Amino acid sequence: MFEKVLIANRGEIALRIQRACREMGVRTVAVHSTIDAEAMNVRLADEAICIGPPPAADSYLNVQAILTAATISNVDAIHPGYGFLSENADFAAMVEEHGFTFIGPSPDHIRLMGDKIAAKKAVAAVGVPVIPGSDGPVKDERDARAVAEEIGYPVLIKASSGGGGRGMKAAASPGELGAALEMAAREARAAFGDGTVYLEKYLSGPRHIEVQILADGEGNVVHLGERDCSLQRRYQKVVEEAPSPALNDDQRQEIGRIASEAAARLGYRSVGTMEFLYQDGAFYFIEMNTRLQVEHPVTEMICGLDLVREMVRIAAGAPLGYTQKDIRFSGHAIECRINAENPDTFAPAPGRLGNYHVPGGLGVRVDSALYAGYQVPPHYDSLIAKLIVHGANRNECLMRLRRALEEYIIDGLETTIPFHQRLMSAPEFINGEYDIHWLERFLGNHEQTG
Ligand code: ADP
């Protein structure tokens with residue numbers, strides 16, 4: 001096992017990884033920007049090293065500074081968390097070249113899945129159903145038009161290097177195609193330095209269902225069930241739950257089997273998530289994330305595994321040690337992403353915390369690095385806490401979530417807690433009858449009536 005691990009991240013996920021390491025007796029090194037010097041994960045780490053000024057490009061994305069910190073603190077391994085460098089294949093390769101272990105998949109798998117066109121081809125080749133669309137990149141409008149005619153409108157233009165919903169534009173008719181193509185390519189070039197786009201059939205009312213995979217790279221793979229992440233705003237997840245209220249047990253096992261068999265055939269190692277859209281009883285692969293996900297706790301709550309510990313164990317060379325039949329699911333879990341944002345407009349609202357009170361009790365988990373008096377910096381993602389609730393069934397989970405949201409006090413800042421409370425009383429959410437477009441409609445309606 002590793003003696004010391006550097007955590008190349010910040011905020012709640014840095015603390016989450018640190019907690020797993022501490023339980024395993026592994027020492028931790030926190031790296032941080034100047035503005036994060038007082039952060040909770042920095043305070044609790046065994047060692048802390050400042051790697052640069054607040055802008056992420058100069059600190060959390062500063063590969064040289066991170067590798068230097070790893071060298072001087074003499075760590076064995078680096079955990080990238082999510083975001084920042086977690087899906088940067090070149091970073092993973094450099095970590096290994098410098099003699100450290102990258103706690104994650106191989107650089108080759110990160111590179112493959114980071115190219116969404118290549119990823120779709122690779123999984124289709126091992127039997128995973130994908131969304132109808134262009135075979136590869138669309139070169140120009142003529143090319144796009146030909147594919148769109150064939151699969152039928154509406155279509156969605158997507159960025160091959162895409163992430164975070166950027167570089168994605170829908171076209172409902174031939175008249176909209178040219179502009180959508182241009183906008184998607186421009187956005188993709190600006191966000192990822194790569195304007196390559198492809199085309200997919202735009203599904204009118206699917207659910208986003210993703211399967212959590214855990215693999216040791218030696219052919220042992222399990223799936224840890226699915227998460228339903230259909231509650232989205234601007235293609236970004238807001239609330240996630242497991243299991244999905246839309247699937248029955250047969251469908252659940254079927255998609256789990258497809259995903260884990262594909263991961264085994266690809267020789268995948270570490271945690272990974274295969275994302276699907278699900279409509280009219282059919283699953284369509286959209287992408288694979290080669291990292292720990294923000295929403296991983298809902299899976300942990302229903303299967304009782306610590307995903308970070310499993311990642312660390314596998315990276316240290318341990319075999320998985322269990323098979324699919326050993327995985328037991330219990331109850332229902334829901335996660336609310338709590339952001340430092342205005343709950344109506346979702347405008348970022350960083351600031352200093354006053355009083356802080358965390359909900360507790362049976363089945364309640366809060367993953368956060370907040371504390372009273374903490375200053376939320378304006379330089380990073382606005383996610384400040386994740387409230388995760390587990391119940392024996394979905395109804396118990398919902399009642400507990402309402403109670404926990406009521407108890408949660410974050411003074412001094414605007415947060416999205418009031419938004420989550422509104423959501424909890426919407427009949428469509430209570431009944432589990434929502435698709436990926438529902439939340440935007442709900443917010444639109446609310447703005448009109450509110
Ligand atoms: P990103 O990597 O930018 O997050 P994804 O491919 O994971 O992009 O898609 C993000 C979200 O966009 C999905 O969860 C879904 O809501 C929506 N989406 C993606 N592809 C389609 C599609 N073909 N039809 C309808 N919605 C889609």
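Because the structure is predicted, anything quoted here is derived from the model rather than measured.
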On a heavy-atom basis, which atom in [X] and which in [Y] lie closest, and how many Å separate them?
X	Y	answer
V130	A124	CG1-CB, 4.1 Å
Y268	A215	O-CB, 3.2 Å
H332	E241	NE2-OE1, 2.6 Å
I430	L398	O-CD1, 3.9 Å
E187	G167	OE2-N, 2.8 Å
H32	A48	CD2-CB, 4.2 Å

Should R111 and D90 be marked as a salt bridge (charged side-chain N to carboxylate O under 4.0 Å, His left out) after you check the CA-CA gap, both sets of side-chain angles, and the distance that decides it?
CA-CA 8 Å; R111 192 167 288 116; D90 293 341; 2.9 Å; yes
I334/I388 under side chain to side chain contact (heavy atoms under 4.5 Å, CB included): CA gap, chis, key distance, verdict:
CA-CA 6 Å; I334 301 181; I388 308 110; over 6 Å; no
Does the side chain of [X] come under 3.5 Å of the side chain of [Y] through a donor N or O and an acceptor N or O?
X	Y	value
D228	S244	yes
D36	Y60	yes
E200	Y284	no
H208	E210	yes
S230	D435	no
S106	D108	no
E341	S382	yes
N289	Q293	yes
T345	N342	yes

Apply side chain to side chain contact (heavy atoms under 4.5 Å, CB included) to residues T101 and I78 and explain how you reach the verdict.
CA-CA 6 Å; T101 301; I78 299 182; over 6 Å; no
Give, for atom [atom1] of [X] and atom [atom2] of [Y], the distance between the pair rounded to the nearest 0.5 Å.
X	Y	atom1	atom2	value
F2	H79	CZ	NE2	10.0 Å
L387	D367	CG	CG	10.0 Å
R207	H437	CZ	NE2	12.5 Å
I66	I7	CD1	CD1	12.5 Å
S425	H420	OG	NE2	13.0 Å
I131	F283	CD1	CZ	12.5 Å

Give a yes or no on whether the backbone of [Y] and the side-chain of [X] come within a donor-acceptor separation of less than 3.5 Å.
X	Y	value
K201	G152	yes
Y380	P54	yes
S59	P53	yes
E87	T290	yes
R10	V31	no
T28	V5	no
H98	F100	no
N220	D216	no
E240	V298	no

[X] bridged to [Y] by N-O distance under 4.0 Å:
X	Y	result
R365	E300	yes
D344	R422	yes
E275	K237	yes

Would you say that [X] contacts [Y] through its side chain, given a criterion of any heavy-atom pair below 4.5 Å between the two side chains?
X	Y	value
Y278	Q251	yes
L305	E310	yes
E428	W438	yes
V366	K386	no
I110	N88	no
I258	F285	no
I384	N339	no
Y408	I338	yes

Does the pair R337 and E295 meet the rule for a salt bridge (charged side-chain N to carboxylate O under 4.0 Å, His left out), with working shown?
CA-CA 9 Å; R337 296 190 187 198; E295 60 274 23; 3.1 Å; yes
Looking at R227, R16, Q212, which one forms a side-chain hydrogen bond (donor to acceptor under 3.5 Å, both in side chains) with H296?
R16
Taking atom [atom1] of [X] as the centre, does the number of heavy atoms from other residues, nucleotides or ligands within less than 6.0 Å exceed 12?
X	atom1	answer
E150	CD	no
R233	CZ	yes
E141	CD	yes
D58	CG	yes

Yes or no on side chain to side chain contact (heavy atoms under 4.5 Å, CB included) for M94 and L67, after CA distance, side-chain angles and deciding distance?
CA-CA 9 Å; M94 280 174 85; L67 291 174; 4.0 Å; yes
When you look at R145 and D143, which way does the salt bridge (charged side-chain N to carboxylate O under 4.0 Å, His left out) test go after all the steps?
CA-CA 5 Å; R145 216 165 275 285; D143 202 10; over 6 Å; no
Between R394 and F429, is NZ or CZ placed under 6.0 angstrom from the six-membered ring centre and within 45° of the ring axis?
yes
Test side chain to side chain contact (heavy atoms under 4.5 Å, CB included) applied to Y198 and D135, step by step:
CA-CA 8 Å; Y198 62 109; D135 241 358; over 6 Å; no
Report the C-alpha distance between R257 and E254 in whole Å, list the side-chain angles of each, state the deciding distance to 0.1 Å, and finish with yes or no for salt bridge (charged side-chain N to carboxylate O under 4.0 Å, His left out).
CA-CA 5 Å; R257 188 186 55 75; E254 170 73 358; 3.1 Å; yes
